[in-house]
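Since the structure comes first, as C-alpha coordinates, the remarks are kept for the end.
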Amino acid sequence: MAAPTATASLNASTYQAGDPMTLAVRYGDADTRPVTVTIVVTDAQGNSSAPVRVTAVIDPLTLAVTDDSGRTWTRASDNGSVAVYQAVA
(Lines give C-alpha, C1' and ligand atoms only; values in the text may rest on other atoms or scores of the structure.)
Protein backbone atom coordinates (compact mmCIF):
# COMPACT_ATOMS: atom_id res chain seq x y z
CA MET A 1 0.00 0.00 0.00
CA ALA A 2 1.35 3.39 -1.01
CA ALA A 3 1.44 6.20 1.51
CA PRO A 4 -0.94 9.12 0.87
CA THR A 5 0.58 12.41 -0.26
CA ALA A 6 -0.33 15.96 0.72
CA THR A 7 0.78 19.51 0.04
CA ALA A 8 -0.61 22.59 1.74
CA SER A 9 -0.55 26.34 1.32
CA LEU A 10 -1.93 29.29 3.24
CA ASN A 11 -3.37 32.38 1.57
CA ALA A 12 -0.74 34.59 3.28
CA SER A 13 2.58 34.25 5.09
CA THR A 14 1.72 36.66 7.94
CA TYR A 15 -1.56 37.57 9.65
CA GLN A 16 -2.83 40.17 12.08
CA ALA A 17 -4.91 38.88 15.00
CA GLY A 18 -8.47 38.36 13.80
CA ASP A 19 -7.54 38.00 10.11
CA PRO A 20 -9.23 35.20 8.18
CA MET A 21 -6.89 32.37 7.26
CA THR A 22 -7.48 30.02 4.33
CA LEU A 23 -5.60 26.75 4.02
CA ALA A 24 -5.66 24.69 0.80
CA VAL A 25 -4.64 21.03 1.02
CA ARG A 26 -4.00 18.97 -2.12
CA TYR A 27 -4.02 15.28 -1.31
CA GLY A 28 -4.14 11.88 -2.94
CA ASP A 29 -3.20 8.25 -2.68
CA ALA A 30 -1.89 6.24 -5.62
CA ASP A 31 -3.58 3.03 -4.47
CA THR A 32 -6.98 4.46 -3.53
CA ARG A 33 -9.28 2.95 -6.10
CA PRO A 34 -12.98 2.89 -6.83
CA VAL A 35 -14.77 -0.41 -7.29
CA THR A 36 -18.11 -0.83 -9.06
CA VAL A 37 -20.47 -3.71 -8.21
CA THR A 38 -23.15 -4.57 -10.78
CA ILE A 39 -26.28 -6.46 -9.76
CA VAL A 40 -28.80 -8.14 -12.10
CA VAL A 41 -31.76 -10.11 -10.72
CA THR A 42 -33.09 -12.99 -12.85
CA ASP A 43 -36.27 -14.99 -12.16
CA ALA A 44 -37.00 -18.64 -12.98
CA GLN A 45 -38.46 -17.68 -16.39
CA GLY A 46 -35.24 -15.93 -17.42
CA ASN A 47 -36.57 -12.38 -17.01
CA SER A 48 -33.84 -10.05 -15.81
CA SER A 49 -33.87 -6.68 -14.15
CA ALA A 50 -31.95 -3.75 -15.50
CA PRO A 51 -28.41 -3.64 -14.12
CA VAL A 52 -27.99 -1.69 -10.90
CA ARG A 53 -24.55 -0.34 -10.06
CA VAL A 54 -23.13 0.77 -6.76
CA THR A 55 -19.64 2.14 -6.15
CA ALA A 56 -17.29 2.23 -3.20
CA VAL A 57 -13.74 3.43 -2.57
CA ILE A 58 -11.11 1.03 -1.29
CA ASP A 59 -8.64 2.64 1.11
CA PRO A 60 -10.48 5.98 1.54
CA LEU A 61 -8.64 9.07 2.79
CA THR A 62 -9.48 11.29 5.75
CA LEU A 63 -7.94 14.67 6.57
CA ALA A 64 -7.22 16.15 9.98
CA VAL A 65 -6.02 19.75 10.41
CA THR A 66 -4.54 21.00 13.68
CA ASP A 67 -2.07 23.69 14.63
CA ASP A 68 0.11 24.25 17.67
CA SER A 69 -2.04 27.12 18.99
CA GLY A 70 -5.23 25.06 19.33
CA ARG A 71 -6.95 27.09 16.61
CA THR A 72 -10.11 25.54 15.16
CA TRP A 73 -9.96 24.87 11.43
CA THR A 74 -13.30 24.47 9.66
CA ARG A 75 -13.59 22.63 6.35
CA ALA A 76 -15.11 24.95 3.75
CA SER A 77 -14.95 22.52 0.83
CA ASP A 78 -13.49 19.18 -0.23
CA ASN A 79 -13.75 17.69 -3.72
CA GLY A 80 -11.76 14.55 -2.97
CA SER A 81 -8.40 15.92 -4.07
CA VAL A 82 -8.38 19.51 -2.75
CA ALA A 83 -9.75 20.55 0.62
CA VAL A 84 -10.08 24.14 1.82
CA TYR A 85 -10.10 24.98 5.53
CA GLN A 86 -10.68 28.30 7.26
CA ALA A 87 -9.68 29.72 10.63
CA VAL A 88 -9.18 33.08 12.33
CA ALA A 89 -5.69 34.28 13.22
Side-chain angles (χ1 to χ4, degrees):
M1 307 270 298
T5 59
T7 59
S9 61
L10 287 165
N11 65 316
S13 58
T14 61
Y15 298 91
Q16 298 294 322
D19 284 350
M21 302 171 72
T22 301
L23 171 70
V25 180
R26 294 185 186 279
Y27 64 96
D29 190 356
D31 64 0
T32 296
R33 60 192 185 280
V35 62
T36 301
V37 178
T38 304
I39 300 99
V40 175
V41 179
T42 305
D43 65 16
Q45 290 77 35
N47 300 309
S48 297
S49 69
V52 176
R53 291 178 179 82
V54 62
T55 60
V57 174
I58 307 299
D59 194 17
L61 301 173
T62 57
L63 274 73
V65 176
T66 60
D67 69 28
D68 58 5
S69 71
R71 183 174 288 107
T72 299
W73 290 89
T74 304
R75 184 176 60 208
S77 65
D78 187 346
N79 69 8
S81 61
V82 177
V84 175
Y85 289 83
Q86 296 176 325
V88 175

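Here CG of D59 is found 5.0 Å from CG of D29. Values are rounded to the nearest 0.5 Å. For the atom pair OH (Y85) and OG1 (T72), the distance works out to 13.0 Å, reported to the nearest 0.5 Å.
Residues V65 and Y27 share a hydrophobic cluster, clusters being chains of Ile/Leu/Val/Met/Phe/Trp/Tyr side chains in contact below 4.5 Å. Cluster membership for V84 and L23, using ILVMFWY side-chain heavy atoms within less than 4.5 angstrom, is not shared. Hydrophobic clustering (side-chain heavy atoms under 4.5 Å, transitive across Ile, Leu, Val, Met, Phe, Trp, Tyr) keeps L10 apart from V82.
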Donor-acceptor contacts under 3.5 Å from residues 46-58 side chains, at least two apart:
residue: N47; atom: ND2; partner: D43; partner atom: OD2; Å: 3.2
residue: S48; atom: OG; partner: T42; partner atom: OG1; Å: 3.0
residue: S49; atom: OG; partner: V41; partner atom: N; Å: 3.0

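Of all the heavy atoms in G28 and L61, the pair that sits closest is C-CD1, 3.8 Å. In this structure, Y15 and P20 approach most closely via the heavy-atom pair CE2-O, 3.6 Å.
Residues that satisfy the side chain to side chain contact (heavy atoms under 4.5 Å, CB included) test with P34, not counting sequence neighbours, are absent from this structure.
A donor-acceptor distance shorter than 3.5 angstrom exists from the side chain of R71 to the backbone of V88, with no hydrogens or angles considered. Listed for the N11 side chain is a donor-acceptor partner under 3.5 Å among the backbone atoms of T22.
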